[in-house]
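Scroll down for the structure; my scribbles are underneath it.
Within every chain, numbering begins at 1; the chains are lettered A, B, ... in the order of the sequence lines, protein sequences first and strands thereafter.
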Amino acid sequence: MPDVRGHLLPIYVLADESGSMMDQMKELNNGLASLHEALLGEPMTAAKVRFSIMGFSHDVVLRLHLADLRTESQLPALVDRGTTSYSAAFQALLTQIPVDVNHLKTQRYAVHRPAVFFLSDGKPDHDDRWRPIHQSLTDRQRTLGAPNIIACGIGAADPSTILSVATQPDYAFVAIAGVDIGQSVAKFCTALTKSVIASGRSMTEGSAELRFDKPEGFSMAIDVV
Amino acid sequence: MSMWPKERRGLPGPRGRHDHGGDYQAVVAAVPADSQVVPEIRNRPRPGQWDPIVVDQPAFPVEALPSAAQDYPDTICDGWATPHLVVRMASARGDAHRHRGQPRQDHALIAVHPRTGALLLAVLDGVSAVPLAHVGAQAAGRAALAALWSTLNHNDTVDWEEVVGAAARALLRHHQYGIVQGESRDDVERRLATTIVAGLVRPTPDGLLATLVRVGDSGAWLLDRGSYLPLFAAKGAGEATISGAVDPLPRMPEHVRPIEVPVPRDGVLLVATDGIGDPLGDGTGLVGQLFAEVLVTPPPLLGFAHAVDFSRDTFDDDRTLVAVWPR
């Protein structure tokens with residue numbers, strides 16, 4: 001590789017904005033604001049992350065795009081709306097990620113495999129229509145920057161579906177039944193923040209592992225299926 | 001100053017309205033405003049200039065915290081000349097470890113073998129994900145150099161498998177952190193893993209001849225008239241995305257294959273950890289330019305270490321470089 005301007009880890013938060021998330025939006029937006037604040041206190045880690053937020057319902061809105069969180073004053077808010085289309089969500093990633101990886105490489109950055117943090121509280125519309133799209137998205141032979149996906153399900157999310165969304169079994173988590181959903185969202189955001197910092201640091205450590213500890217109040221999806 | 005123009009800051013608006021998501025249009029990120037500025041090297045090396053040498057965008061400035069580990073100085077440097085060569089070595093703690101008060105996990109050793117006049121060297125990069133990488137790097141380096149020294153005492157042919165094996169055994173048999181009953185080599189790897197490039201540079205009637213072996217992702221180059229010729233396969237060559245995965249000691253490679261290369265009369269042999277190799281890339285950028293300028297002739301020891309400790313955004317790993325000039 002020619003002159004390398006830096007090593008970057010693209011991170012995408014792919015969050016469910018369907019109407020059923022209405023009561024959770026405040027917790028989710030507060031959690032992302034806390035993540036931002038935590039990254040501002042870790043400028044060396046923040047330097048190595050480019051952060052995107054995608055909200056999905058029946059369609060997808062890219063609310064933050066490849067942001068250097070050191071230079072952001074405030075993160076945009078997610079907004080509850082519409083239904084839950086996993087196919088729209090994964091199609092958007094499949095369309096966006098290769099463009100982003102190419103863009104960063106054109107800017108002479110070396111790019112680590114992108115990381116996606118997926119949060120949903122519902123079952124996907126249209127059953128299994130999302131699966132072939134997800135398969136393309138995560139196919140490292142076909143898709144430039146095919147991401148690692150950490151999937152967290154809350155509320156009505158189906159553990160076996162969440163397990164299928166995650167790119168490996170230990171990346172799939174579901175909130176324990178009966179736990180307050182707002183609290184689950186907050187704990188997801190706490191784990192997300194820790195993961196972003198740990199994953200950014202691990203790039204320095206030569207391992208470039210995507211690290212995510214089970215959020216408090218969650219179970220491994222594989223143990224629930 | 002924001003890197004991203006305000007009007008494109010992540011608010012492109014809805015892109016599709018179908019549940020297949022097929023109407024989503026990819027958004028091409030705006031080119032950061034600072035990318036229009038031609039990158040340059042600032043605070044270039046010159047007598048009396050001790051501010052960090054800045055390549056393109058500077059790294060976040062950190063105050064180095066003391067390391068909790070004893071006997072692991074922030075930076076070491078060494079250098080001397082023999083009738084046949086001049087050598088400089090520096091190993092500097094990266095900003096990430098300085099910021100967290102962790103020890104330097106890179107290490108390097110150089111020595112000259114009296115009977116043969118050969119330069120012996122070892123460059124090591126302890127794997128940061130393991131807790132005692134700094135211990136492993138030093139132990140493996142000492143063992144590799146001792147094996148080379150011992151071999152050359154008796155003959156001119158080096159058993160490179162034995163040199164690498166000695167470094168691996170130094171980890172497995174470490175008096176404090178080596179393998180204990182019920183453990184496997186993997187357990188030691190999880191404590192002490194390190195990469196290594198070990199080798200020797202021999203004077204011959206035709207000039208210097210370098211022989212190197214490596215385990216892991218450290219690198220070596222010939223710097224010749226401003227161009228960098230990699231002596232080992234480039235890290236992640238041909239991969240769309242980069243990975244930090246590495247196969248370190250005490251894991252032994254299936255085959256230990258040394259490379260042998262003459263050092264051109266006007267060239268410089270470089271051996272470095274990825275703290276140097278990653279920002280260097282193929283050497284055609286600013287970091288390559290910096291070292292091509294600094295290493296035209298052997299710089300003073302502290303000037304060499306100062307250059308190794310250059311500042312560039314996102315590059316905060318430990319850095320180690322050994323440079324060898326023929327005389």
Atom pair [atom1]/[atom2] of [X] and [Y] - distance to nearest 0.5 Å:
X	Y	atom1	atom2	answer
Thr45(A)	Asp316(B)	OG1	CG	7.5 Å
Asp59(A)	Asp23(B)	CG	CG	9.5 Å
His99(B)	Glu42(A)	NE2	CD	5.5 Å

Region of Asp95(B) that comes under 4.5 Å of a non-hydrogen atom in chain A
both
Quick one: which residues of residues 58-68 of chain B reach chain A at under 4.5 angstrom, heavy atoms only?
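Those residues of residues 58-68 of chain B which have a heavy atom under 4.5 Å from chain A are Phe60(B), Val62(B).
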When you compare the side chain of Leu62(A) with that of Tyr24(B), does any pair of heavy atoms fall below 4.5 Å?
yes
Got a sec, which residues hit ring pair (Phe, Tyr, Trp, His ring centres under 6.0 Å) with Phe315(B), two or more places apart in sequence or on another chain?
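Scan of Phe315(B) (ring pair (Phe, Tyr, Trp, His ring centres under 6.0 Å), adjacent residues dropped) gives His7(A).
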Got a salt bridge between Arg108(A) and Asp56(B), using NZ or NE/NH1/NH2 to carboxylate O under 4.0 Å?
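Here Arg108(A) does not pair with Asp56(B) in a salt bridge, since their nearest N and O are not under 4.0 Å apart.
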If every non-hydrogen atom of Ala26(B) is compared with every non-hydrogen atom of Val99(A), which pair is closest and at what distance?
CB-CG2, 3.6 Å
Give the minimum heavy-atom separation between Val28(B) and His65(A), together with the two atoms involved.
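Reported closest heavy-atom pair: C-CE1, 4.1 Å.
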Mark yes when over 12 heavy atoms from residues, nucleotides or ligands other than [X] sit less than 6.0 Å from its [atom1]; otherwise mark no.
X	atom1	value
Asp213(A)	CG	no
Glu37(A)	CD	no
Glu293(B)	CD	yes

Among the options Gln96(A), Arg113(A), Arg140(A), pick out the one with the most heavy-atom pairs lying under 4.5 Å from chain B.
Gln96(A)
Picking from Pro43(A), Ala46(A), Ala47(A), which has the most non-hydrogen pairs under 4.5 angstrom with chain B?
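Highest number of heavy-atom pairs under 4.5 Å: Pro43(A).
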With only heavy atoms counted, which part of Asn102(A) is less than 4.5 Å from chain B, the side chain, the backbone, both or neither?
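Contact with chain B: none, neither part.
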Checking the side chain of Arg5(A) only, and the main-chain atoms of Gln57(B) only, is there a donor and an acceptor separated by less than 3.5 Å?
no
